[in-house]
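One structure is given below, encoded as structure tokens.
Positions are given from 1, in the same order as the sequence printed here. Heavy-atom basis, side chains included; hydrogens, waters and symmetry copies ignored.
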Amino acid sequence: MVDLDITLAPVRGGAFFLQALAPEGEQLVQRKAVEFLSDPARRGPAPAELADEEIRDLVRVLSGEEIDETMLAMAREELAFEDFPRETTWTGERPAEALQDFRVIVVGAGVSGIAMGIKLQRLGIPFTIIERLDDITGTWHRNRYPDVRVDTNCFLYQFKFEKRYPWPEFFPRGRDVKRYLEHLVDKYGIAEHVVLGQEVVDAAWNEQDAAWEVEAVDAHGATVRHRGQVLVSASGVFSTPRWPDIPGMETFAGRVLHTADWDTQLEWTGLRVGVIGNGSTGTQLMPRLAQSAAHVTAFQRTPQWIINSPLLGAKITPELQWLIDAMPYYWNWAGFVQFFGTAQTQMAQIIDKDWQAAGGLINERNDRLREALVDYVESKVGHVPHLRDHSIPDYAPLARRLVIDNGWFDALLRSNVSLEVSSIEEIVPEGVRLVGGEVVPLDVLILATGFHVSRYFHPATYRGRDGLTLDEAWSGDGARAYLGLTMPGFPNFYSLYGPNATPRFGGFPQWVDVWSRYILDLVVEQVETGARSVEVRRDVFDDYNARMDRATAALLWESEGQGSYFVNEHGRSGLQMPWEANLYHSWVRAPDRADFSWSD
């Protein structure tokens with residue numbers, strides 16, 4: 001390997017760092033790249049993988065640090081040298097006879113359901129995907145409000161088995177994500193397995209037949225029944241819109257709608273619009289509304305930490321796409337750089353008692369991040385005291401999801417936009433009444449109030465062994481699972497993006513890839529061994545959750561994130577995975593057979 005001069009470039013006020021080439025090193029790399037690509041025979045995907053030591057050396061150059069075995073295994077998977085990474089395969093020939101009476105039922109045709117369907121199709125396992133909406137792609141079909149987009153880089157928000165997809169922007173818009181998912185459904189031929197317009201309302205485990213009996217209701221109110229040996233929930237956590245509990249909502253004389261049920265025919269030009277909610281959705285939407293509304297009132301309960309991203313809205317140029325297609329390994333490493341770059345956020349999530357004893361707030365990295373975010377607020381609205389004072393949160397960064405600035409601060413400076421921080425007392429026919437009696441007159445009221453993320457698998461009722469429901473199993477302190485994937489008392493049942501399954505870094509599609517492999521490894525072994533049911537052991541589940549609670553106590557979510565969707569109604573972090581992502585990955589790379597009870 002060429003010995004290059006590497007420097008550390010501070011990011012977010014020095015909270016994080018990126019390795020950067022010195023100018024002479026950058027020129028050397030560019031010169032060698034031009035020389036290499038001048039020969040057309042060299043262009044295109046790389047035919048061979050890199051050895052572990054080569055990966056170690058390259059990651060060392062990238063990060064300036066040595067990596068352990070768990071990070072090496074994760075890096076190899078993220079580099080995705082194989083044609084179809086993270087694939088589950090049969091140990092021998094596909095057992096056609098054993099599969100004659102075997103079926104997997106998948107609930108949800110969004111990102112997770114589509115990935116599961118593709119892998120089931122490749123295995124040749126019969127399956128049905130049940131989707132309650134009238135089209136596929138889940139969140140990306142339902143959320144159609146103006147300016148909806150992914151808030152992570154496209155190199156991070158894509159599956160590794162679909163290489164070099166031509167994204168139009170670095171942060172794809174909702175319609176482009178939908179097209180990407182539709183492309184996958186068409187390419188891998190799973191559309192015929194999807195039934196649309198059916199909402200699952202009940203799923204019950206039949207012990208005698210070792211099967212799940214699923215009841216759904218179609219768009220006409222008719223009951224439809226499905227039956228499968230394995231049931232997988234791919235409904236996700238952003239599937240049940242949360243309407244705020246504000247009195248008088250039904251009395252409003254104008255139009256009320258939730259962003260998750262957007263009406264594409266809605267017209268707001270020249271109207272008075274109110275937006276309740278300033279999370280990722282509200283901050284994406286409000287600036288667009290302000291462009292043509294007579295007036296927009298942004299109702300804010302709690303300020304968010306908002307960051308800038310220079311690449312938001314930036315196009316992927318034809319030249320860059322050519323480089324992605326032509327330079328061997330470029331796509332692999334571009335994705336890995338994005339993935340690995342998110343790892344540093346883990347260090348900012350830890351509560352440092354010594355740092356706090358010395359007068360710090362959370363830890364050195366988190367406090368530096370806070371300073372950088374405050375500086376950004378100052379640069380945007382610091383000259384307007386009212387806006388500045390109500391734009392700086394009193395909780396720590398990363399205790400809630402960071403929000404990318406889609407023009408929020410610029411919109412607040414417009415003459416036709418008001419930031420309202422007084423509490424809402426009730427909705428009245430003419431608008432919103434604030435505590436104190438003032439009425440904000442409105443023609444349209446938009447609810448950007450998110451989803452019931454703690455209600456996993458809602459609104460369906462899942463009944464496991466002996467009729468146990470998930471609501472009963474989770475009545476103590478909210479939803480729990482083993483590895484975020486499965487629960488005792490619910491044989492042959494798995495969840496994609498289940499309780500406490502959100503890892504501390506990485507992109508959602510990559511983790512769906514990992515989770516679906518874990519589940520299908522179990523399904524394949526079940527089919528090949530003839531087991532009637534597979535169920536995580538109660539002692540394994542209990543031990544795991546006790547360890548998870550202890551690990552969570554060392555992080556900032558429960559102490560700093562109260563009131564956010566990171567923390568459930570019991571005050572417990574029910575969404576996040578507390579362990580470092582590479583350690584968690586080492587547990588979910590492949591299931592440990594001993595963790596489960598296998599019934600013949």
Backbone N or O of [Y] within a donor-acceptor pair of the [X] side chain at under 3.5 Å?
X	Y	value
Lys178	Arg173	no
Arg504	Pro578	yes
Asp218	Ala222	yes
Asn492	Gln229	yes
Gln562	Glu558	yes
Asp466	Leu468	no
Gln121	Gly189	yes

Give the minimum heavy-atom separation between [X] and [Y], together with the two atoms involved.
X	Y	value
His570	Gly478	CD2-N, 3.4 Å
Met487	Ala481	SD-CB, 3.7 Å
Pro488	Val536	N-CG1, 3.3 Å
Arg537	Ser597	CG-OG, 3.5 Å
Lys160	Ala80	CB-CB, 3.7 Å
Ile114	Leu184	CG2-CB, 4.4 Å

Can you tell if the side chain of [X] reaches within under 4.5 Å of the side chain of [Y], non-hydrogen atoms only?
X	Y	result
Pro509	Gln158	no
Asp151	Val403	no
Val514	His585	yes
Val275	Thr297	no
Phe508	Ser112	yes

- Test log, rule side-chain contact (heavy atoms from CB on, under 4.5 Å), inputs Val428 and Phe252: CA-CA 5 Å; Val428 293; Phe252 183 54; over 6 Å; no
- Query: Angle class for the Phe339/Trp511 ring planes (parallel below 30°, perpendicular above 60°, tilted otherwise)?
  - Reply: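 Tilted.
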- Please state whether the rings of Tyr180 and Trp167 are parallel, tilted or perpendicular, taking 30° and 60° as the class boundaries.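 Taking Trp167 first and then Tyr180, their aromatic rings sit tilted (interplane angle of 30° to 60°).
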Carboxylate-amine/guanidinium contact [X] [Y], below 4.0 Å:
X	Y	answer
Arg455	Glu569	no
Asp261	Arg142	yes
Arg480	Asp477	yes
Glu77	Arg517	yes

Does atom [atom1] of [X] have more than 12 heavy-atom neighbours from other groups under 6.0 Å away?
X	atom1	result
Asp245	CG	no
Asp83	CG	no
Asp101	CG	no
Arg301	CZ	no

[X] ring center near [Y] ring center (under 6.0 Å):
X	Y	value
Trp212	Phe493	yes
Trp579	Tyr544	yes
Trp205	Tyr462	no
Phe451	Tyr565	no
Phe505	Tyr584	no

Would you please say whether a donor-acceptor pair under 3.5 Å links the side chains of [X] and [Y]?
X	Y	answer
Gln198	His226	yes
Arg572	Asn500	yes
Thr269	Glu267	yes
Thr502	Tyr497	yes
Thr552	Gln576	no
Gln284	Tyr145	yes
Thr137	Glu182	no
Ser292	Trp268	yes
His183	Glu162	yes
Asp202	Thr461	no

- Please lay out, stage by stage, how Arg255 and Asp263 fare under the test salt bridge (Lys or Arg N to Asp or Glu O under 4.0 Å). CA-CA 11 Å; Arg255 181 75 184 276; Asp263 181 358; 3.1 Å; yes
From [atom1] ([X]) to [atom2] ([Y]), nearest 0.5 Å:
X	Y	atom1	atom2	result
Ser235	His458	OG	NE2	10.5 Å
Glu525	Arg593	CD	CZ	4.5 Å
Arg179	Trp140	CZ	CH2	13.5 Å
His452	Asn568	NE2	CG	13.5 Å
Glu528	Gln526	CD	CD	11.5 Å
Leu575	Arg401	CG	CZ	9.5 Å

- Item | Evaluation steps, ring-ring contact (aromatic ring centres under 6.0 Å, His included), between Phe161 and Tyr188 | CA-CA 11 Å; Phe161 57 74; Tyr188 292 95; 5.7 Å; yes
- Arg149 and Asp176: salt bridge (Lys or Arg N to Asp or Glu O under 4.0 Å), yes or no, with the steps? CA-CA 9 Å; Arg149 68 168 74 231; Asp176 296 316; over 6 Å; no
- Message: With salt bridge (Lys or Arg N to Asp or Glu O under 4.0 Å) as the criterion, how do Arg538 and Asp542 come out once you've worked through the C-alpha distance, each side chain's angles and the decisive distance to 0.1 Å?
- Response: CA-CA 6 Å; Arg538 167 61 68 176; Asp542 289 342; 3.5 Å; yes
- Item | Derivation of the side chain to side chain donor-acceptor pair (under 3.5 Å) call for Thr283 and Asn406 | CA-CA 6 Å; Thr283 55; Asn406 190 48; over 6 Å; no
- Message: Quick check with a 6.0 Å cut-off and a 45 degree axis cone: is Arg122 positioned over the face of Phe84's six-membered ring?
- Response: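 Verdict for Phe84: a cation-pi partner in Arg122.
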- Message: Tell me which one of Phe541, Tyr494, Tyr518 satisfies side-chain contact (heavy atoms from CB on, under 4.5 Å) with Thr486.
- Response: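 Exactly one option meets the side-chain contact (heavy atoms from CB on, under 4.5 Å) with Thr486, and it is Tyr494.
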